[in-house]
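First comes the structure, then the notes that go with it.
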Amino acid sequence: MDQTIVAIRSRHVLLHFGSEHRDSSDKKHRDKDKERLKLKDGSSDKQKDKHKEKKKEERVGRGLCYFYIATVLSELNPLITNALVLALCTAVLVACVGMLVYILPSLCFFIPFRWEEERYTDGVKWKFLEHKGPVFAPPYEPLPSNVKFYYDGKHMKLSPGAEEVATFFAKMLDHEYTTKDVFRKNFFKDWRKEMTSEEKSKLADLNKCDFSEMSEYFKAQSEARKAMTKEEKLKIKEENERILQEYGFCVMDNHKERIANFRIEPPGLFRGRGDHPKMGMLKRRIRPEDIIINCSKDSKHPKPPPGTKWKEVRHDNKVTWLVSWTENIQGSIKYIMLNPSSRIKGEKDWQKYEMARRLKKCVDRIRAQYREDWKSKEMRIRQRAVALYFIDKLALRAGNEKEEGETADTVGCCSLRVEHLTLHQEMDGQEYVVEFDFLGKDSIRYYNKVPVEKRVFKNLQLFMEDKEPEDDLFDRLNTSILNKHLQELMDGLTAKVFRTYNASITLQQQLNELTTSEDNVPAKILSYNRANRAVAILCNHQRAPPKTFEKSMQNLQTKIDAKKEQLADAKRELKSAKADAKVRRDEKSKKAVESKKKAVQRIEEQLMKLEVQATDREENKQIALGTSKLNYLDPRISVAWCKKLGVPIEKIYNKTQREKFAWAIDMAEKDYEF
DNA sequence: TAAGCGACTTAGCAGAAAACAC
DNA sequence: GTGTTTTCTGCTAAGTCGCTTA
């Protein structure tokens with residue numbers, strides 16, 4: 001990598017070159033680094049040139065159509081220049097336009113993907129956008145008078161505002177959340193803001209509030225909904241369908257597209273994940289006055305509900321969202337965007353996997369580089385190299401810095417602290433083992449014991465030297481520095497691309513290893529799920545075991561036992577039929593033997609299917625396959641595998657997934673390689 | 001150059017819907 | 001047809017990363 005370029009951009013290297021703007025902590029770091037690394041000066045020009053060459057190669061493949069053609073060409077000759085690619089693209093484009101204008105209009109129907117029809121430059125995402133705006137949460141319906149709230153054992157009639165917030169709490173009463181101190185404290189504080197001054201003076205202690213009648217009322221309502229007649233249920237379904245048809249679609253550049261989340265989030269109590277400091281806070285109701293509408297000038301603008309107005313109507317075609325508002329808990333912006341099946345999302349998805357495929361081509365070089373950097377004389381480079389090694393080997397997330405006290409205490413690679421690692425010179429017969437134990441995204445625990453290379457181990461010892469448990473492991477690194485470095489190694493490369501790349505390549509390798517064409521379809525699907533599972537484990541995609549897990553496993557075992565008995569019976573019958581046929585030697589008994597044989601075969605197949613199902617389910621107990629399937633695995637690998645092994649695609653992707661991956665289903669042939 | 005913002009992707013969970021068993 | 005189990009879908013929180021601003 002080009003150390004000099006990165007060095008100039010880094011404040012730490014400015015220090016090395018004698019900048020006057022030194023703060024004391026930097027000086028401390030520098031002195032320490034010098035001491036530890038026995039710093040010597042100098043950077044390699046050769047390396048710089050070499051990197052420029054390599055960068056040139058990787059720059060091949062920018063843009064969309066350009067991107068695709070360049071990818072193909074770069075496979076033929078890795079040294080091909082941008083200019084040549086551009087020239088070729090232009091030629092192809094001119095030819096295509098000619099063909100389209102004069103010959104092919106009638107064949108437009110056969111264009112495989114409509115998102116290949118038109119592409120914009122300069123960040124333009126669309127030319128025309130029309131929609132009906134969002135669907136607001138239904139207004140609050142006050143409780144019937146017989147449903148009472150009690151304070152300190154006495155009935156108390158609440159004002160509508162206070163009552164609404166109280167119902168949010170009552171609805172969650174059975175949830176563990178409402179027992180947590182932080183939740184209760186936050187809730188009570190926000191609830192008091194909605195109370196009248198009289199209520200405020202009376203309701204001083206949440207522990208004296210009795211929401212149980214409210215809670216019972218909502219439970220009864222839920223039961224009543226379940227017990228509705230078919231006709232009533234159908235009526236609701238039809239109404240939902242009507243709303244979907246009216247608000248659930250938009251027109252973007254000549255195409256009707258499905259909107260992902262056209263309903264505004266209803267008010268309620270914020271439920272953060274893990275130990276979130278803001279859990280229990282009131283998520284306020286969103287009104288039309290909070291809403292920004294985005295659509296094209298020449299479209300029919302959505303109308304706000306009667307008597308209200310939008311916060312703003314804008315026409316920004318460099319973004320993909322239709323509606324936005326600012327939520328009150330974190331002050332972040334929420335959006336209404338298009339469904340994953342839309343052109344705009346599908347195209348982005350495709351680009352993501354193409355980027356990961358580009359990484360595949362240069363990952364060996366990048367790995368060699370970071371291994372080399374483990375020996376660097378600069379601490380920041382060593383830290384960067386070790387962090388990158390973790391991101392690559394363990395598929396860790398980048399780990400942006402977070403504002404303390406605003407969210408749950410979770411970390412990723414760059415934000416790991418000393419307390420999250422334990423180093424073992426020797427463990428379970430292996431040398432240089434690193435034990436990771438930290439909370440990652442969504443407060444999901446990452447626990448792993450990994451043997452690492454000696455040099456990594458020694459570096460980690462160095463990084464942890466003289467530090468407190470709560471100190472940053474990589475004190476000279478953050479995601480911005482890391483991604484700038486990655487950008488130097490490959491155009492467009494960021495930390496998250498490694499997760500996509502490693503997930504997809506793992507799936508492909510596992511499928512090749514685990515499946516053969518001789519297997520039957522259930523066995524092939526079991527293997528597919530196992531390959532998928534390997535990826536989910538790599539990416540640490542966990543789930544809470546389903547509440548009914550034990551019971552459902554028991555049921556399955558009962559079925560297996562019954563099937564085994566049935567098989568034993570069938571085998572006995574076959575044996576006696578054979579004996580019978582030996583004595584009689586007539587056609588009838590021969591036929592009987594054949595039919596018993598078939599019965600045994602059929603039951604054996606059924607038994608195998610059940611056993612496979614049990615294995616699959618057991619192995620899947622705490623692992624979520626969906627996340628990797630939807631976000632990390634190049635769908636063309638799965639499509640190609642299905643085509644090659646004769647597995648119906650419906651067995652791998654359900655309807656929604658097939659819609660999302662329509663581009664891949666159409667694009668990938670059986671010989672596709674990631 | 002750090003901090004903050006904006007736009008977007010990635011994530012697990014809960015409830016609805018579909019499939020299955022009886 | 002009804003109750004139970006499994007799968008799917010919607011919801012929205014929580015990340016990543018690029019850009020702007022002070």
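When reading the values below, keep in mind they use all heavy atoms of this one structure, side chains included, and skip hydrogens, waters and symmetry mates.
- When each of A/Leu244, A/Val323, A/Leu322, A/Asn339 is paired with A/Ile259, the side chain to side chain contact (heavy atoms under 4.5 Å, CB included) condition holds for A/Leu322 and for no other.
- With a 4.5 Å cut-off on side-chain heavy atoms, A/Leu477 and A/Arg380 do not count as touching.
- Residues satisfying the ring pair (Phe, Tyr, Trp, His ring centres under 6.0 Å) criterion with A/Phe661, sequence neighbours excluded, are A/Tyr653.
- Between the OH atom of A/Tyr247 and the P atom of C/dG10 there is a distance of 19 Å, rounded to whole Å.
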Give me, pair by pair, the N or O atoms of the protein and of nucleotides 18-20 of chain B that are less than 3.5 Å apart, along with how far apart they are.
none

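- For A/Ala137, the side-chain contact (heavy atoms from CB on, under 4.5 Å) test picks out A/Pro266, A/Pro267, A/Arg285, with sequence neighbours left out.
- Within the nucleic acid shown, A/Ala544 comes within 4.0 Å of sugar-phosphate atoms alone, with no base atom in reach, counting heavy atoms only.
- At the heavy-atom level, A/Pro266 lies under 4.0 Å from the strands shown only through sugar-phosphate atoms.
- Checked for salt-bridge contact, A/Asp472 and A/Arg417 miss the test: no charged N lies under 4.0 Å from a carboxylate O.
- Note on A/Arg499: a side-chain N or O is less than 4.0 Å away from OP1 or OP2 of B/dA11.
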message: For nucleotides 13-19 of chain C, give me one character per nucleotide, 5' to 3': B if any protein heavy atom sits under 4.0 Å from the base, S if the only such contacts are to the sugar-phosphate, - if neither.
response: BBSBBS-

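- Applying the side-chain contact (heavy atoms from CB on, under 4.5 Å) rule to A/Glu238 yields the partners A/Leu234; only residues at least two apart in sequence or on another chain are considered.
- The salt bridge (Lys or Arg N to Asp or Glu O under 4.0 Å) contacts involving residues 396-408 of chain A comprise A/Lys278-A/Glu406, where partners must be two or more places apart or lie in separate chains.
- Residue contacts shown for A/Lys226 are absent, as no nucleic acid heavy atom lies under 4.0 Å away.
- In this structure, A/Lys660 atom NZ and B/dT9 atom C1' are separated by 9 Å, rounded to whole Å.
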message: If you apply the rule ring pair (Phe, Tyr, Trp, His ring centres under 6.0 Å), what do you find for A/Phe249 with A/Phe262, and how did you get there?
response: CA-CA 9 Å; A/Phe249 294 86; A/Phe262 56 89; 8.5 Å; no

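- Rounding to whole angstrom units, CG of residue A/Asp472 and C1' of B/dA2 are separated by 15 Å.
- A sub-4.0 Å separation between OP1 or OP2 of C/dT9 and a side-chain N or O of A/Arg258 is absent.
- Formation of a donor-acceptor pair under 3.5 Å by the A/Asn483 side chain with backbone atoms of A/Ser480 is not found in this model.
- Residues forming a side-chain hydrogen bond (donor to acceptor under 3.5 Å, both in side chains) with A/Gln566 (at least two apart in sequence, or on another chain): A/Lys563.
- Straight-line distance from the CD1 atom of A/Ile336 to the C1' atom of C/dT12: 13 Å, rounded to whole Å.
- When the side-chain nitrogen and oxygen atoms of A/Lys345 are compared with OP1 and OP2 of B/dT9, one or more of them lie within a distance under 4.0 Å.
- Put simply, CG on A/Leu282 and CG on A/Asp190 are 5.5 Å apart, with the number rounded to the nearest 0.5 Å.
- Applying the salt bridge (Lys or Arg N to Asp or Glu O under 4.0 Å) rule to pairs touching residues 215-229 of chain A yields A/Asp174-A/Lys219, A/Glu216-A/Lys219, A/Glu223-A/Lys226, sequence neighbours excluded.
- Rounded to an integer number of Å, the gap from A/Glu404 CD to B/dA3 C1' is 16 Å.
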For nucleotides 2-8 of chain C, list the nitrogen or oxygen atoms of the protein found under 3.5 Å from its nitrogen or oxygen atoms, one pair per line.
residue : atom : partner  : partner atom : Å
C/dT5   : OP1  : A/Lys551 : NZ           : 2.9
C/dT5   : OP2  : A/Lys551 : NZ           : 3.2
C/dT6   : OP1  : A/Arg617 : NH1          : 2.9
C/dT6   : OP1  : A/Arg617 : NH2          : 3.4

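- Computed from C1' positions of five pairs at each end, the angle between the two local axes of the helix from B/dT1-C/dA22 to B/dC22-C/dG1 equals 0°, rounded to 10 degrees.
- Whole-Å rounding puts the A/Ile236 CD1 to B/dA16 P distance at 10 Å.
- Counting only residues at least two apart or in different chains, ring-ring contact (aromatic ring centres under 6.0 Å, His included) contacts with residues 615-636 of chain A comprise A/His541-A/Tyr632.
- Nucleotides of DNA chain B nearest to A/Asn240 and A/Asp349 differ in position, and the one nearer the 5' end is that of A/Asp349.
- As judged by a 4.0 angstrom heavy-atom cut-off over every strand, A/Ile444 is placed among residues touching the sugar-phosphate backbone only.
- Across the protein-nucleic acid pair, A/Leu625 atom CG and B/dG12 atom P stand 11 Å apart, rounded to whole Å.
- Atoms CZ and CD, on A/Arg258 and A/Glu659 in that order, are 7.5 Å from each other to the nearest 0.5 Å.
- Between B/dT9 and A/Tyr632, no contact under 4.0 Å exists linking OP1 or OP2 to a side-chain N or O.
- Residue pairs satisfying the salt bridge (Lys or Arg N to Asp or Glu O under 4.0 Å) criterion with at least one member in residues 621-631 of chain A, sequence neighbours excluded, are listed as follows: A/Glu550-A/Lys621.
- Of the two residues contacting DNA chain B, namely A/Asn540 and A/Thr320, the nearest-nucleotide position lying further toward the 5' end is that of A/Thr320.
- Atom pair A/Arg263:CZ and B/dG15:P shows a separation of 16 Å (rounding to whole Å applied).
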